[in-house]
Amino acid sequence: MHKENLVLIGNGMAGVRTLEELLKLAPDHYNITVFGEEPYGNYNRIMLSPVLASEKTIEQIMLNGEQWYIDNGITLHKGKKVEQINRARREVIATDGTVAHYDRLIIATGSVPFMLPLPGADKAGVIGFRDIKDVDTMLATASQYQHAVVIGGGLLGLEAANGLMKQGMNVTVVHLLDTLMERQLDKPAAAMLQKSLAERGMTFLMEHSTAEILGQERVTAVRFKNGTEIPADLVVMAVGIKPNTELGKSAGLYCERGIVVSDTMQTITDPKIYAIGECVQHRGIAYGLVAPLFEQAKVAANHLAKHGIARYVGTVTSTKLKVTGIELFSAGDFTGNDQTEDIVFKDAASGTYKKIVLQDNQVKGAVLYGDTVDGSWYFQLMKDGTDVSAFRDTLLFGQHHLGDSGHNPDTRVASLPDNAEICGCNGVCKGDIVKAITEKKLFTLDEVRAHTKASASCGSCTGLVESLLAHTVGGDYSATPKTKPLCKCTDYTHDDIRHGIIQHNLKTMPAVREHFEWKTPDGCPSCRNALNYYLLCAYPTEYVDDAQSRYINERAHGNIQKDGSYSVVPRMFGGMCTSDQLRAIADVADKYQVPTMKVTGGQRIDMFGIKKEQLPAMWKDLSAAGFVSGHAYGKAMRTVKTCVGSEWCRFGTQDSTGLGVKLEELTWGSWMPHKFKLAVSGCPRNCAEATIKDIGVVCVDSGYELHIGGNGGIKVRVTDLLCKVATEEEVLEYTGAFCQFYREDAHYLERTAPWIERVGLEKVKTAILSDAANRKALYERFLISQQPAQIDPWKARADGAEAAEFTPIMIEA
Amino acid sequence: MSKWIEVVELNKIPVLGSRLIKTRDTDIAVFRGSDDQVYAIRDACPHKGGPLSQGIMHGSTVTCPLHNWKIDLSSGNALAPDHGCSNVFAVKVEGGRVFLQL
């Protein structure tokens, strides 16, 4: 196959990330040539501040050493600056005369520090803060000289000032305005930051405008417009960066502030030329952070690989300051306007400040100082546009206040020792994670999951792992993107696909994969299971369930155990049973020599250690005794737990057991996005623990309270009250409607608790309560979907269905 | 040693699924891809011995049902970042019948 030539100008993070993404998608598509002005491989530019502060070494921040280029067959011209692009001949020409021909070209020239055009700005000792060379200059100066002046009190300026201070210099930060980091912080947070830095020994000259840099060959002092002077041996200009468009302009590409690109990251002038990273301007915005650049890289790579289905639509960014010991987070619109409301917490003594800006009960921006643990949560709420009205009064206290009892409340990851366990499921400690992040150069949550298994099981430590990641690689780590694809086989989200299935009348998995341009022929375990469910939910009477797209538990209708055996849980409606039923279970247990039996939390009996080939025979016996599958293995309706209620209990207000049986008869067999549990308590003493169930009914004297979205698992969450109704018929109708709304709206593997937190309680209330016709329609659809679902899978298999699944082939060899 | 044994008809293996073959010494999972390519691998994940025959197959890979390790069915190797390997067996299809070399 003829390979096309791809040339990358700029060996920085954006360009090389694009190549990495491209090599994943189409490893053999191009002969790749890279020009880099700096004499190094590719390094993590955002970690220059920790290098300056001697917290990291250059080696530690290298991302791709020269071996990587060799391994991937990439020609690297390091230390060569490209001075000309000849678009007519499709050639790039470097200053040393090297010429490379391209079929496609990526410009990733990044940005340059904005140097103030002051008199004397050309003297020795006046630099920007951009690359390894600048860091070397600063380190060399610090060992010989005393006085450093940093012009600019923004993010970069403060990081430079902190580093120079760590190197033992006297550092003065000069800022034009009265607020530090005014693009990221409001005044109270900036004041706390300034106080904290001043306590560490940094000097500030606020509202000072520099007039002139004094000295002979080398700088000796800085003079301000008010006439005062201070001594200076080193001046670092950190007043901002500007996109480096020099090369783009000279090649005749249309530039405004940056090189203007389309949503596919192609320059609008020449579609053979892509531009990416800090040198570009996309929909009017030039980004100076890492997260957007990673998203751009994915899109450009997708287009270069000729998939052509990804589009870049801009990024919502957040900022953290990389100064050890100072926790600071900012995102979105943190100043607000007359349409917005602020929620503010300020404790100057403990150095904590939090401000959340809300508009129409959605987070629009946040500033956190001192305690930034919940930064990523607020950021996620902001990107998702979640309606926060249900927990607005506790919003400032953070996510764990919502019921995150899964881990230690002391979640300040920075202060944890290396042997602190972060992921309880897989026993991964902080040290393991940090080591993997630094040694394997990980940037995203998915990468950390793949390499360490941390947060890869139950997910309750995801927040902790994200903060560790942010802490280790710097604040600009690649945050979980706003629109998360369903899985790696597609770029479309769960919602895109669910809507598409209905809108385009897609009725089979191949049809869905073709319509949404799947990257893999058969999908993967994530998407196959999800699609199977989505199609079953959308077309309950037509869709033919695909057994090979179900996890083994659902295929074998039992729970696989660690030794490959299965467990069997017959359904006991409402937790009620008779002595005959118990006797029948005992007989079955004897007959099949069940080694372990247990009463489950869902009020039924679990039999463990059953070999797969025994299952159909055992089910036949259970079926003959009147039992059906308990679906204890499925992403399905599981149990209805009850307490005894008015039949016997002296406090009972209603017949909770009778209602529990009716609810279970209504809902059993229903496939759901995730497991689904109900409970009915006979009075507010709530012995059935209904307020941690997906649906909990609490009987009161005047009727029934319906509670939704509880969870007793990984993250304990108490239910929200949906409404109160008067009759059992209403309980059944509202329950069916809620089940169906959840089935149709939630993402696959999303339980009701996180689903309600994501979409907001109001949305559920609107669907079920405000519109009686909609509620009845939901209930009707639930009943329709239950008709095929309530065929007992155990009896079907006992009668011979799917026999091959349960029959091994014996051979004499 | 090393003789071809007929084990099952191809169409008795579900597409993107497997059948479990029990021999005197070992359990072997025989998988059938969406292109009717057939693979045979020892029915034990290199991680904790999970029954690979019970996993979900996609492309030429199976995901172990116990802890989601992904095993390449041609080589028996675990896919990165996991490390490990399970035995694979020579397998062929002739006249719609699957033969295993043992």
Side-chain angles (χ1 to χ4, degrees), chain A residues 425-426 436 440 442 446-453 456-457 487-489 509-510 513 518-529 532 546-556 558-566 611-613 633 802-813, chain B residues 1-9 11-35 43-45 47-70 79-82 89 98 100-102:
Chain A
C425 292
N426 297 308
K440 303 213 161 90
L442 311 181
D446 278 346
E447 289 168 345
V448 176
R449 278 183 181 152
H451 283 270
T452 67
K453 309 290 180 213
S457 293
C487 70
K488 286 169 185 151
C489 304
M509 255 188 275
R513 287 199 288 257
W518 239 247
K519 298 171 200 164
T520 49
D522 334 312
C524 69
S526 301
C527 61
R528 283 240 298 279
N529 293 8
N532 192 53
D546 178 25
Q548 303 310 327
S549 297
R550 283 194 179 269
Y551 181 60
I552 183 60
N553 285 357
E554 295 182 355
R555 205 175 339 132
N559 256 324
I560 195 166
Q561 304 296 323
K562 62 192 244 185
D563 63 350
S565 70
Y566 289 81
K611 292 202 169 59
K612 193 179 182 190
E613 48 267 40
Y633 46 79
E802 309 273 344
E805 174 75 39
F806 300 94
T807 320
I809 298 161
M810 315 297 284
I811 58 170
E812 288 295 314
Chain B
M1 196 47 204
S2 139
K3 55 181 176 178
W4 289 97
I5 298 173
E6 181 184 339
V7 289
V8 66
E9 286 172 46
N11 61 19
K12 294 281 171 62
I13 309 175
V15 174
L16 290 175
S18 79
R19 291 297 300 272
L20 175 61
I21 315 278
K22 281 180 176 284
T23 73
R24 214 164 18 215
D25 305 326
T26 181
D27 290 357
I28 298 169
V30 177
F31 284 89
R32 175 185 179 186
S34 47
D35 53 359
D43 193 29
C45 179
H47 178 217
K48 297 205 168 167
L52 296 174
S53 58
Q54 311 298 296
I56 290 182
M57 183 190 188
H58 42 106
S60 59
T61 305
V62 65
T63 296
C64 177
L66 294 195
H67 306 98
N68 286 328
W69 276 37
K70 291 182 174 52
L79 299 192
D82 296 320
F89 298 85
V98 179
L100 198 56
Q101 194 175 34
L102 291 171

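Letters A, B, ... are given to chains in the order of the sequence lines, protein chains preceding strands, and every chain is numbered from 1.
- Contact annotation for Glu447(A): neither backbone nor side-chain heavy atoms come within less than 4.5 Å of a heavy atom of chain B.
- Checked by atom type, the side-chain pair Asp563(A)/Ser565(A) shows a donor-acceptor distance below 3.5 Å.
- Applying a 4.5 Å heavy-atom cutoff, the residues of residues 12-20 of chain B that approach chain A are Pro14(B), Val15(B), Leu16(B), Gly17(B), Arg19(B), Leu20(B).
- In this structure, the portion of Asp82(B) lying under 4.5 Å from any heavy atom of chain A is its side chain and not its backbone.
- Contact of Asn529(A) with chain B is made through the side chain alone, with heavy-atom distances under 4.5 Å.
- Listed by chain and number, the residues in a ring-ring contact (aromatic ring centres under 6.0 Å, His included) with His47(B) are His67(B), Trp69(B) (sequence neighbours excluded).
- Contacts with chain B were tallied for Pro525(A), Gly523(A), Pro808(A); Pro525(A) has the most, counting heavy-atom pairs under 4.5 Å.
- The part of Pro51(B) that comes within reach of chain A is its side chain, from C-beta onward, which places non-hydrogen atoms under 4.5 angstrom from that chain.
- Only the side chain of Lys612(A) comes within contact range of chain B, with at least one heavy atom under 4.5 Å from a heavy atom of that chain.
- Top candidate by heavy-atom pairs under 4.5 Å with chain B, chosen from Arg528(A), Gln561(A), Lys440(A), Lys453(A), is Arg528(A).
- Contact of Arg550(A) with chain B is made through the backbone alone, with heavy-atom distances under 4.5 Å.
- One finds the CG atom of Leu66(B) at 9.0 Å from the CG atom of Leu52(B) (value rounded to the nearest 0.5 Å).
- Neither the backbone nor the side chain of Glu802(A) has a heavy atom closer than 4.5 Å to any heavy atom of chain B.
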